[in-house]
There are 2 protein chains.
Amino acid sequence: MEGCTNCAACEVRGHGVCSALADKELERLSRAAVKVTVPAGHMFIEEGSDAHDFFNVTGGTVKLFKSLPDGRRQITGFVGVGHFLGLAVSDHYAFGAESVEQVQLCRFSRTKLETLMEEFPSIERRLLAEAANELVAAQDQMLLLGRKTAHERVASFLYGRLVEKYGEHIPPVADILLPMTRADIADFLGLTVETVSRTFSRLRREHLIGVGAGQDIHIPSVSRLEAIGSGDG
Amino acid sequence: MEGCTNCAACEVRGHGVCSALADKELERLSRAAVKVTVPAGHMFIEEGSDAHDFFNVTGGTVKLFKSLPDGRRQITGFVGVGHFLGLAVSDHYAFGAESVEQVQLCRFSRTKLETLMEEFPSIERRLLAEAANELVAAQDQMLLLGRKTAHERVASFLYGRLVEKYGEHIPPVADILLPMTRADIADFLGLTVETVSRTFSRLRREHLIGVGAGQDIHIPSVSRLEAIGSGDG
DNA sequence: CGGCCGCTTGACCTGTGTCAAGGGATGTGG
DNA sequence: CCACATCCCTTGACACAGGTCAAGCGGCCG
């Protein structure tokens, strides 16, 4: 099965690790990559298991998490198309990963990726840039978890979803479809399901969001939401 | 002042970025590096300011933090000797940095470090490894901030200090000297000064720690402390 | 000596967690 | 096509961990 992927025709060519490579280098990458489809709600990296592979997300949304022995869980990030997955790694994965919806992945063996990095230093540079971005996001999340109120956390979260969807160019009025459940959001924001639900209701009462069919969120004023999320509420 | 540093004789040769280089390559590094001494309690990176430089800590302890407009603050990490500082950076620093005690720094300009990376890919590899470690630490901290109790947070923190001091080989009975104030610890753990103080008192009552002259902590059973910090308490 | 700073402790308050109930959507088997 | 179960979400009543406010102590320094 290995080696039969066509990276040049990949839908995420231009994103993630792949964007670091010229077309001819991609051919080499193809031999190391395997495309995988994971159904919704399936754990494909178990916390603490042997770290054989790295992944690149080519479709859908993945949640990364860490757990305590009694089952308390913290989702450390939701990662979408184009993102790389497996940096925070020694011999064992330091985190678990589960698909939020159906997900497509591009899988590389660690050893193969390492030899590829030797050959193409641009991959390494690309990974360093990605790691730096993840660090910035992690620091933002620490500020959120350590110092923000529930109201601010949910507003930050929704704004973050807008950044994920639109990048730099977020329109002043926007909509999002949240693929994750309230429980996932709670585990991401360090809250309980009940508090997340109550906070959505409060934001609705305050006309800061409109909630459609549960997963559909309308945001009439992005700037107002962003202000609340960053503590200027 | 630039270029007069002797990296080969540096006390942290063997740590951090420098350990990635052979002796002869170090000479090149010397020309790009400047040694700086910062007095205790001095902010040397302001959140959001232009990111001109990278730093390597060669003495003392530094706190990194992010703040909200109303003054709430989250310390994202304490970094000690050998650690690199400035990864989570775009054009502007995404965080502030302040010395906890007197600190020695090795400063590089961003542009010079970038040309050095071109020349010596081993630096890049080294930075990627460092970034991966920081990511793991950040994920642990998110779990702490999102899901642990005050009791568990303080125990985790003390255990973390032991790891910083002893590396892999932590003795079963140990001592630490904490250079940071209770307020710093509170801002790191997402608590208030009062709660940190009360929790230290509780740990003392439980004979899990012995508190000397305020900054001196004796830990009679490291394994017990570690168990509490990781939620097995 | 006086002022400041860091730390601790007490009394009280509140935001969020816990527990419990119920409703809507979806799926399944009879 | 209709029970019936399951899952996700919401809401209410109440509890509690940790925050807030206030007081006091000891050490350090000018």
Side-chain angles (χ1 to χ4, degrees), chain A residues 39-42 63 68 70-74 98 100-101 144-157 177-206 209-217 228 231 233, chain B residues 39-41 63 68 70-75 98 100-101 144-157 177-206 209-217 228 231 233:
Chain A
H42 189 259
K63 58 186 175 197
L68 290 169
D70 63 4
R72 281 174 287 173
R73 161 177 300 205
Q74 179 64 38
E98 187 176 323
V100 168
E101 48 192 338
L144 180 151
L145 292 169
R147 292 302 183 208
K148 289 186 185 175
T149 66
H151 199 228
E152 290 164 345
R153 291 182 200 204
V154 173
S156 290
F157 168 70
L177 190 80
L178 299 176
M180 66 290 287
T181 66
R182 297 287 187 266
D184 286 339
I185 297 171
D187 281 347
F188 182 56
L189 299 179
L191 300 169
T192 59
V193 187
E194 292 92 334
T195 299
V196 170
S197 184
R198 276 190 257 268
T199 306
F200 270 100
S201 298
R202 176 177 165 194
L203 290 171
R204 181 153 30 80
R205 272 198 311 278
E206 295 167 336
I209 63 173
V211 179
Q215 315 284 55
D216 254 318
I217 309 286
I228 289 172
Chain B
K63 59 186 175 198
L68 290 171
D70 64 2
R72 281 174 286 172
R73 163 177 296 207
Q74 179 66 36
I75 292 183
E98 186 175 324
V100 168
E101 48 192 336
L144 180 149
L145 293 169
R147 292 303 182 206
K148 290 185 185 176
T149 65
H151 199 229
E152 291 164 344
R153 290 181 200 205
V154 174
S156 289
F157 168 70
L177 190 79
L178 299 176
M180 65 290 286
T181 66
R182 297 287 188 267
D184 286 339
I185 297 172
D187 281 347
F188 182 56
L189 300 180
L191 300 169
T192 59
V193 188
E194 293 92 332
T195 299
V196 170
S197 185
R198 277 189 256 269
T199 307
F200 270 100
S201 299
R202 175 176 165 194
L203 291 171
R204 182 154 29 81
R205 274 198 309 280
E206 297 168 335
I209 64 172
V211 179
Q215 315 283 53
D216 255 319
I217 309 285
I228 289 171

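A, B, ... follow the sequence lines: proteins, then strands. Residue 1 opens every chain.
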Practice problem: Report the distance from atom CG of B:Leu189 to atom P of D:dA17, rounded to the nearest whole Å. | Solution: 18 Å
Quiz item: Taking the side chain of B:Ser197 as its heavy atoms from C-beta onward, which of C:dG17, D:dT10, C:dC7 lies nearest to it?
Solution: C:dC7
Self-check item: Spacing between B:Arg202 atom CZ and D:dG18 atom C1', to the nearest angstrom
Solution: 12 Å
Exercise. Would you classify A:Gly41 as touching base, sugar-phosphate or nothing, given that sugar-phosphate means primed atoms plus P, OP1 and OP2, and contacts are heavy atoms under 4.0 Å?
Key: nothing
Quiz item: From B:Glu152 CD over to B:Thr199 OG1, what is the distance, rounded to the nearest 0.5 angstrom?
Solution: 11.0 Å
Exercise. Name the residue closer to the 5' end of DNA chain C, choosing between A:Glu194 and B:Met180 according to the nucleotide with the nearest heavy atom.
Key: B:Met180
Quiz item: Between A:Lys63 and A:Asp184, which heavy-atom pair has the shortest distance, and what is it?
Solution: NZ-OD1, 2.8 Å
Exercise. Report which part of the nucleic acid A:Thr181 touches: base, sugar-phosphate, or nothing (heavy-atom distance under 4.0 Å, all strands).
Key: sugar-phosphate
Exercise. Round to a whole Å and report the spacing from CG of B:Leu203 to P of C:dT8.
Key: 12 Å
Practice problem: Indicate whether OP1 or OP2 belonging to C:dG17 is found under 4.0 Å from a side-chain N or O atom of A:Thr192. | Solution: yes
Quiz prompt | B:Ser201 side-chain N/O to C:dT9 phosphate OP1/OP2 under 4.0 Å | solution = yes
Self-check item: Rounded distance (Å) that lies between atom C1' of C:dT18 and atom CG of A:Leu191
Solution: 14 Å
Quiz item: Can you name the closest pair of heavy atoms from A:Gln215 and A:Met180 and give their distance?
Solution: OE1-O, 4.0 Å
Quiz prompt | Interatomic distance where NZ belongs to A:Lys148 and C1' belongs to C:dG15 [whole Å] | solution = 18 Å
Quiz prompt | Listed nucleotide nearest any side-chain atom of A:Arg198, set C:dG10, D:dG12, D:dC9 | solution = D:dG12
Quiz item: In whole angstroms, how far is the P atom of C:dT16 from the CD atom of A:Glu152?
Solution: 9 Å
Exercise. Can you figure out which of C:dG10, C:dT16, C:dG17 approaches the side chain of A:Ala150 most closely?
Key: C:dT16
Self-check item: Separation of D:dC8 P from A:Glu101 CD (nearest whole Å)
Solution: 15 Å
Quiz item: OP1, OP2 of C:dC7 versus side-chain N and O of B:Gln215: anything below 4.0 Å?
Solution: yes
Practice problem: Mind calculating the distance between NE2 (B:His151) and P (D:dG18) to the nearest angstrom? | Solution: 10 Å
Quiz item: From A:Leu203 CG over to A:His151 NE2, what is the distance, rounded to the nearest 0.5 angstrom?
Solution: 4.5 Å
Quiz item: With no hydrogens and no angle check, is any side-chain donor or acceptor of A:Arg147 less than 3.5 Å from a backbone partner on B:Arg73?
Solution: yes
Quiz item: Want to settle it: does A:Arg147 or A:Arg204 sit nearer the 5' end of DNA chain D, counting the closest nucleotide to each?
Solution: A:Arg204
